[in-house]
Amino acid sequence: MLNVPSQAFPAPGSQQRVAAGGRSKVPLKPGRSLMDWIRLTKSGKDLTGLKGRLIEVTEEELAKHNKRTDCWICIRGLVYNITPYMEYHPGGEDELMKAAGADGTELFDQVHRWVNYESMLKECMVGRMALKPFAALKESCPIVSEENRILNGLFSKKKVPDNYSKEAVPSYDWFQTDGSITVVIYTKQKDMNSELVIADLQERKLRGELIVKDYSYLLHLELSYAVHEDMIGLYYRKCRLLSKTNVSHDTQLFCLALPLGTHLLVPVGHHVYLRQTITGTEIVKPYTPVPSFLVSTFKNPCHDDQLHIFFIIKIYPSGLFTPVLDALQIGEYISVSNPEGNFMKSQMEDVEDLFLLAGGTGFTPMVKLLSCALTSSNNLRAVKFMFFNKTEDDILWRNQLEQLALNDARFEVQFVLSEPKKGWKGKEGKISSSLLSQFVKRSKCDSKVLICICGPPPFMEQGIQFLQDLGYSSKEIHCFTA
Ligand code: FAD
Ligand code: NAD
């Protein structure tokens, strides 16, 4: 494998435009959106320069294509000519150039292994890397499946005597990397040496013979299937849309039924990816599931939340993904991934003052957090939530928030509007140092504080800066990003 810098590799058209972890969004020229890219890939143009021919690419050949005007990269053994994609990449050309003429798998995986690059770049595929003899296993990446781990024949060649002890039968285990499978055999014999083991790997079958004391044992293992990309990456299951309920004029609560046999509880502060095919290309976007109510009366997730998964989603009429979600009919299916996220429950341990700052749908990670903090945190003295929206009509679950503030003396909510209509008596403006300095105050001078922030990228960037200027450490600030 070639070495590639372990840098971020933002993916097309998704929330990776958030400048998280040092990544930056690069303004794209007009006509270079994800939708434009999809259109180009469907136009029938020859994007590889090979007129649809697929070739075997050697490392030497790959290395030659390392210029902006002629750029090939390899992801998981497949080589793509990404020259035409350069201008469409939201993370910018420089990011892509880090893998130019090289293996970009690691670089890609570090940030967005969930992105379906295969679908996105399929028209750019040049071919596959030529196999070096040693790389053969890596290419097909076989796995020994649970069902085929059965020892098909571990037996004594000699007649088994009456005093034969089952414990003397060797046992085995196996582990796998992306390039090899190692089978470990335990014999309980002290002086095992390599002459006592004969192994043959032919086609997909391993035949091992080992001689232990007076017996010869035969181990027969068969590789069951090759691991495909979708097995390694995030796992998706299809969930049925059960209901859509208006939460505000442009935002809906989606209730999806998990398939029977699926157990999926999304940890607090984590999100999942929803995946759908839009004009022939698979698109994924992150969404943070919410409990069905702001604060459940149960400490453990209620039965309902184990069968269903709920999302509060704002529909952007000119967006790529949400209009398709909006058009999803009751009974139709959408794919939901496993959870991901950088928030750890331990961050809430011993917290005395919890401050939540959300802009618009940045509200969603706060819901479970609030519920979790108020129901299970022992030391908590105060939870203060400052919710930034454009207008009063945009405030999500306002009634529930106000009700909660009435019910629990530790909880306080403040609404701040950036585009208030006449008659609004509450706070106005956008996130600012003066708003935060009054709001984010320790209840005692040494209290343990956690400040969570989520919303539009500029909102988060400014918020973090203001908080740092106010003297809060990065350990005390958590920013929700994908
Ligand atoms: P997009 O195509 O991304 O467009 C969104 C808006 O921006 C549109 O109005 C569009 O016209 C405008 N726009 C797009 N590109 C440009 C541009 N270059 N210049 C100017 N304007 C532009 N959202 C929720 O509603 N609920 C959630 O629970 C939720 N959870 C999230 C969790 C995480 C970790 C992250 C990172 C994001 C989350 N989001 C959530 C946001 C969500 O992932 C999508 O970004 C959102 O739904 C918009 O998707 P879209 O494809 O419809 O819109
Ligand atoms: P919006 O455009 O309605 O804005 C809501 C408020 O955010 C505004 O009233 C304003 O106070 C503030 N704001 C917006 N733009 C700002 C700017 N440029 N500078 C300072 N403050 C600004 O918000 P929306 O359409 O609901 O968008 C919500 C955002 O939250 C999206 O970008 C979404 O991706 C993000 N989000 C992230 C997560 C996550 O877990 N990371 C979860 C949900 C939503």
Side-chain angles (χ1 to χ4, degrees), residues 6-28 34 89-92 95 107-117 233-234 266-275 283-290 311-314 316 319-322 336-348 354-370 372 385-388 396 430-431 436 440 449-468 472-482:
S6 54
Q7 270 290 325
F9 189 171
S14 328
Q15 281 298 324
Q16 71 293 351
R17 292 179 213 143
V18 175
R23 277 174 286 142
S24 54
K25 161 187 167 178
V26 171
L28 297 174
L34 176 58
H89 186 232
E95 279 300 312
L107 187 63
F108 187 85
D109 279 351
Q110 288 213 328
V111 182
H112 289 306
R113 65 193 164 85
W114 43 270
V115 166
N116 194 328
Y117 67 89
L234 275 187
V266 178
V268 59
H270 283 50
H271 51 270
V272 297
Y273 296 95
L274 297 185
R275 182 175 76 183
I283 307 289
V284 289
K285 293 257 171 158
Y287 293 93
T288 312
V290 293
F311 297 95
I312 289 181
I313 298 180
K314 173 167 168 177
Y316 298 86
L320 178 67
F321 198 81
T322 48
V336 178
S337 80
N338 280 3
E340 274 196 350
N342 54 1
F343 185 80
M344 284 172 295
K345 232 178 168 178
S346 59
Q347 288 173 257
M348 292 213 303
L354 179 64
F355 297 99
L356 310 174
L357 307 170
T361 55
F363 170 59
T364 54
M366 307 305 175
V367 182
K368 213 173 233 176
L369 198 61
L370 250 177
C372 200
F385 179 28
M386 191 169 254
F387 196 4
F388 296 81
L396 304 171
K430 287 189 177 174
I431 196 160
L436 294 186
V440 187
V449 166
L450 179 67
I451 310 167
C452 295
I453 180 159
C454 188
F459 167 86
M460 290 201 276
E461 279 157 28
Q462 292 165 30
I464 292 166
Q465 191 58 54
F466 293 139
L467 291 168
Q468 284 172 348
Y472 289 95
S473 70
S474 48
K475 249 187 153 182
E476 293 174 315
I477 306 170
H478 182 86
C479 181
F480 289 99
T481 54

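Model, not experiment: these values are computed from the prediction.
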**Student:** Residues in side-chain contact (heavy atoms from CB on, under 4.5 Å) with Q462, at least two apart?
**Tutor:**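 For Q462, the residues satisfying side-chain contact (heavy atoms from CB on, under 4.5 Å) (neighbours in sequence not counted) are I431, P458, F466.
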**Student:** Within this structure, what is the CG-CG distance for the pair L357 and L467, rounded to the nearest 0.5 Å?
**Tutor:** 6.0 Å
**Student:** Let me confirm one number: the NZ-CD1 distance from K285 to I283, rounded to the nearest 0.5 Å.
**Tutor:**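 The NZ atom of K285 sits 8.0 Å away from the CD1 atom of I283.
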**Student:** Which pairs of donor and acceptor atoms, one on a side chain in residues 362-370, lie under 3.5 Å apart (sequence neighbours left out)?
**Tutor:**
residue : atom : partner : partner atom : Å
T364    : OG1  : T361    : O            : 3.1
K368    : NZ   : V266    : O            : 2.7

**Student:** Would you name the heavy atoms of A358 and F385 that are closest together and state the gap between them?
**Tutor:** CB-CE1, 3.6 Å
**Student:** Search all heavy atoms of P339 against all heavy atoms of V272 and return the closest pair with its distance.
**Tutor:** CA-CG1, 3.9 Å
**Student:** Once rounded to the nearest 0.5 Å, what's the spacing between atom CE of M348 and atom SG of C452?
**Tutor:** 8.0 Å
**Student:** Can you see which heavy atom on T322 is nearest to which on K314, and at what distance?
**Tutor:**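 Looking at all heavy atoms of both residues, the closest pair is CG2-O, 3.3 Å.
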**Student:** Between F321 and Y287, what is the ring plane arrangement, given parallel below 30°, perpendicular above 60°, and tilted in between?
**Tutor:** parallel
**Student:** State, to 0.1 Å, how close T481 and H271 come at their nearest heavy-atom pair, and which atoms those are.
**Tutor:** O-CE1, 3.5 Å
**Student:** Yes or no on side chain to side chain contact (heavy atoms under 4.5 Å, CB included) for L436 and F355, after CA distance, side-chain angles and deciding distance?
**Tutor:** CA-CA 10 Å; L436 294 186; F355 297 99; over 6 Å; no
**Student:** Dump the intermediate steps for side chain to side chain contact (heavy atoms under 4.5 Å, CB included) on V284 and L274, then the final yes or no.
**Tutor:** CA-CA 5 Å; V284 289; L274 297 185; over 6 Å; no
**Student:** Should F311 and V290 be marked as a side chain to side chain contact (heavy atoms under 4.5 Å, CB included) after you check the CA-CA gap, both sets of side-chain angles, and the distance that decides it?
**Tutor:** CA-CA 6 Å; F311 297 95; V290 293; 5.8 Å; no
**Student:** Quick one: list whatever passes side-chain contact (heavy atoms from CB on, under 4.5 Å) with K345, sequence neighbours left out.
**Tutor:**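 Result, side-chain contact (heavy atoms from CB on, under 4.5 Å) vs K345: V268, C372.
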**Student:** Who pairs with H478 by ring pair (Phe, Tyr, Trp, His ring centres under 6.0 Å), at least two apart in sequence or on another chain?
**Tutor:**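 Result, ring pair (Phe, Tyr, Trp, His ring centres under 6.0 Å) vs H478: F343, F480.
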**Student:** Provide the closest heavy-atom pair for A482 versus Y273 in the form atom of the first, atom of the second, distance.
**Tutor:**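 Shortest heavy-atom separation between A482 and Y273 comes out as CB-OH, 4.1 Å.
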**Student:** What are the two closest heavy atoms between Q347 and L450, and how far apart are they?
**Tutor:**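 Shortest heavy-atom separation between Q347 and L450 comes out as O-CD2, 3.8 Å.
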**Student:** What pairs meet the salt bridge (Lys or Arg N to Asp or Glu O under 4.0 Å) rule with one or both residues in residues 355-366, with sequence neighbours excluded?
**Tutor:**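 Of all non-adjacent pairs touching residues 355-366, none passes salt bridge (Lys or Arg N to Asp or Glu O under 4.0 Å).
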**Student:** The criterion is side-chain contact (heavy atoms from CB on, under 4.5 Å); which residues satisfy it with S474, sequence neighbours excluded?
**Tutor:**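 Residues passing side-chain contact (heavy atoms from CB on, under 4.5 Å) with S474: none at all.
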